[in-house]
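Please read the structure below before turning to the comments.
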Amino acid sequence: MIFVSKKKTRKASTWILDGNHAAAQGAKLSRVQVIAAYPITPQSPVTETLSEFVERRELGAQYIAVESEHSALAVCTSASMVGARTFTATSAHGLAYMHEMLHWAAGARLPVVLACVNRAIGAPWSVLNDQQDSISQRDTGWIQIYARNNQEILDSIIQAYKIAESVYIPVMVCYDGYILSHTEMPVDVPTQEDVDRFLPQYKPHTILDPANPKNYNLVTLANPRVNAEGVLCHGYMELRYLLQEALQNSRETITTVGREFGELFGRSYARMFWEDRLDDADIIIVAMGSLAMEAIVAADMLREAGHKVGILGLRVFRPFPKSDVVQALEKARLVVVFDKNISYGIEGATCSEIKSALYGSPARAVIRNFIVGLGGRDVKARELVDAVNKSLLSLKEGVLNKEYPEWICAI
Amino acid sequence: MGTRECQHICGESSPAVGEAGKTGEWRDSFPVIDQEKCLPVRQNKPSCFLCWLYCPEAIISKTIPIQINMDYCKGCGICAQLCPAHAITMVHEEEFCLTETD
Amino acid sequence: MTESQEYYLCMQDYYEIRWHGRGGQGAITAAKILAQAAYLEGYQGVTAAPSFGAERRGAPVSASTRISPQTIMVVSQVENPNVVIVLDHTLLKYQEVTSGLVKGGWLIVNSWRPPKELDIKGDFNIATADATGVCSSLGLAVAGLTVVNTAILGAFIRATEAVGMASIEKAIRERFSNGEVGINLAAIAQTYEITKLEKIG
Ligand code: SF4
Ligand code: SF4
């Protein structure tokens, strides 16, 4: 983490930061009040850096050392409930261990923000990158944002608080282990003043207060019930409906917050995915996280060979930007989806989402799915190019959709 | 009219009499107090009141003599278990009915 | 050479640098200092990364620095460097060290031998400098071990001219405490002076 220079224009300073330090800076600038985390590779530097900030009193937060990730998120949910802005970070097995509490945080509608440093899950052991860990948690009711580079990690964490605290849904900011977490690159670090202007104070929807005692999230029966004051209260299912409704509506908030961020900091996040040269593209590459950067190089190469290739880089995976994706893919004849995860027995998770989004729409693209980069396998731009070329060739031979994904590996 | 009117976004309730429904309906046995053994009655001054403190339904009064709101007494028997003077006995509903009709 | 390499190497002033050293020799720190110096020099795109995974003291490790006038989009690992820097010449016996080094690129080695005597053949230029000698005479050591990771930057500047001494100096000043700056800068300057170059063709 190195300070480089002050830019007069946007008052921000440019630092050369790796992804983990960018995440820690994002949490610090968001003035988090309670941090509870358990170290795990490749996330550890995030917690180390934040504990140093607290130790040096650069950040007025409580750093609570816990004995497990399950406890880390239990601390965050409890602290969030009494009105504190909370932060945690983890990877792979740590995230899996949090699974129960992930459901709890979302169900209790607590705006916790979690940095997930994407890492492969055992068996067999691997500390290297893929996105199986966070994808496995997609049904817990969290908003999931994937960063393409270190700037987006920092920016997304700041935005995550504003989003989470507006819609009362926890947000997971995911970024690729090592590829981003341990790679340094220039990052504009905004001033505390500007972030304070962007991010209002957290106003909890529930607060535990002895003067006004309440019970939260007790056993809730299947059917609605009339409480002692005669008010008809939600049953379990109504609360679940509200969470889904909030996620559906959060799309609006996510894009508004992204636009506001752009107005203040000069980097707009007004869309739920990044697009590159989609205007005239009839072949579209879909990827998520840092792979969407490498895909730009692949598109350059394919364009040079005369193909009209564009990129849809998914930024927000939950809520899934269904209608926008349909619009973006409408004119394509071939969509090649690269997944760093696999929903065993079917296909890559983003591919399934894309297919389900397109069902019933006028889009008629052939969709190909490639599983890549599991357990840290390096993914080169030229491999993405090869996959697109291979798909084009088989398309020419009359093969349309395939039942199962293809893998880029040595099998 | 739907449940939105409660304006909750997660499971929420406030402590109030009857918030959990008529818990008295759960009862299959209930506490019978022998007032002569009860310490506050014997000493004729506020004392003990352990049953008041521990009743999970909070429906035993802190009075002399103590009183139990049978609409909400769920018959758990905690009061009988912890009464230091053995002043409370749990009696099965059926038995009670029999003695009543006798 | 791969397609992506051709694509990128046709770009002016694009450097893919791979560092080889042993755990504890500071290859990763050097990769980061160089990225920072390049940014100060005016390059918009810089990245510095360790080789991914676990590292052990003494075991061969590598790191990489990418430098470009434009923002860097490549996130995959360096495969065809145009500069390879070797902190420990005993590593030259491993084939990985020069693997993928592009034609006309630079192999920069910390060695007292002149390039011709390195016994290495390839389509690349070679630079050598006895950074270990420089550092031990200056007493530049960490935990009793002579460290050459900053000194070798002198040989890098001499060979590639990719980054100026002023930027390196700024980067060093930002990373090290006042007491450490002088000795590191002296090591870089002296190594720059004694660097021997052997160009092909
Ligand atoms: S616990 Fe027993 S002695 Fe004490 S107040 Fe209750 S009934 Fe009386
Ligand atoms: S403690 Fe249990 S049995 Fe005793 S009064 Fe309370 S609810 Fe009834």
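Here is how names work: the chains are called A, B, and so on, in the same order as the sequence lines, proteins then strands, and each is numbered from 1. Quantities reported herein were computed from a predicted structural model and do not represent experimental measurements.
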Under 4.5 Å from a heavy atom of chain B, the part of [X] involved:
X: A:His234; answer: both
X: A:Tyr241; answer: side chain
X: A:Tyr216; answer: both

Could you verify whether a donor N or O on one side chain and an acceptor N or O on the other, from A:Ser80 and A:Tyr202, lie under 3.5 Å apart?
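Distance-only check passes for A:Ser80 and A:Tyr202.
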Determine whether the side chains of A:Ser134 and A:Tyr146 contain a donor N or O and an acceptor N or O closer than 3.5 Å.
yes
B:Arg4 vs A:Glu245, salt bridge (charged side-chain N to carboxylate O under 4.0 Å, His left out): CA-CA, chis, key distance, verdict:
CA-CA 12 Å; B:Arg4 271 189 214 275; A:Glu245 183 183 64; 2.8 Å; yes
Is a donor on one side and an acceptor on the other found under 3.5 Å between the side chain of A:Arg251 and the backbone of A:Pro319?
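Side chain of A:Arg251 to backbone of A:Pro319, a donor-acceptor pair under 3.5 Å: no, none is there.
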Cationic N near anionic O, under 4.0 Å, A:Arg138 to A:Glu353:
yes
Among B:Ser14, B:Ala16, B:Cys10, which residue forms the greatest number of heavy-atom pairs with chain A at distances under 4.5 Å?
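Max contact count across the listed options: B:Cys10.
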Name the option with the most non-hydrogen atom pairs under 4.5 Å to chain B; the candidates are A:Ala246, A:Cys233, A:Gly107.
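Option with the greatest count: A:Cys233.
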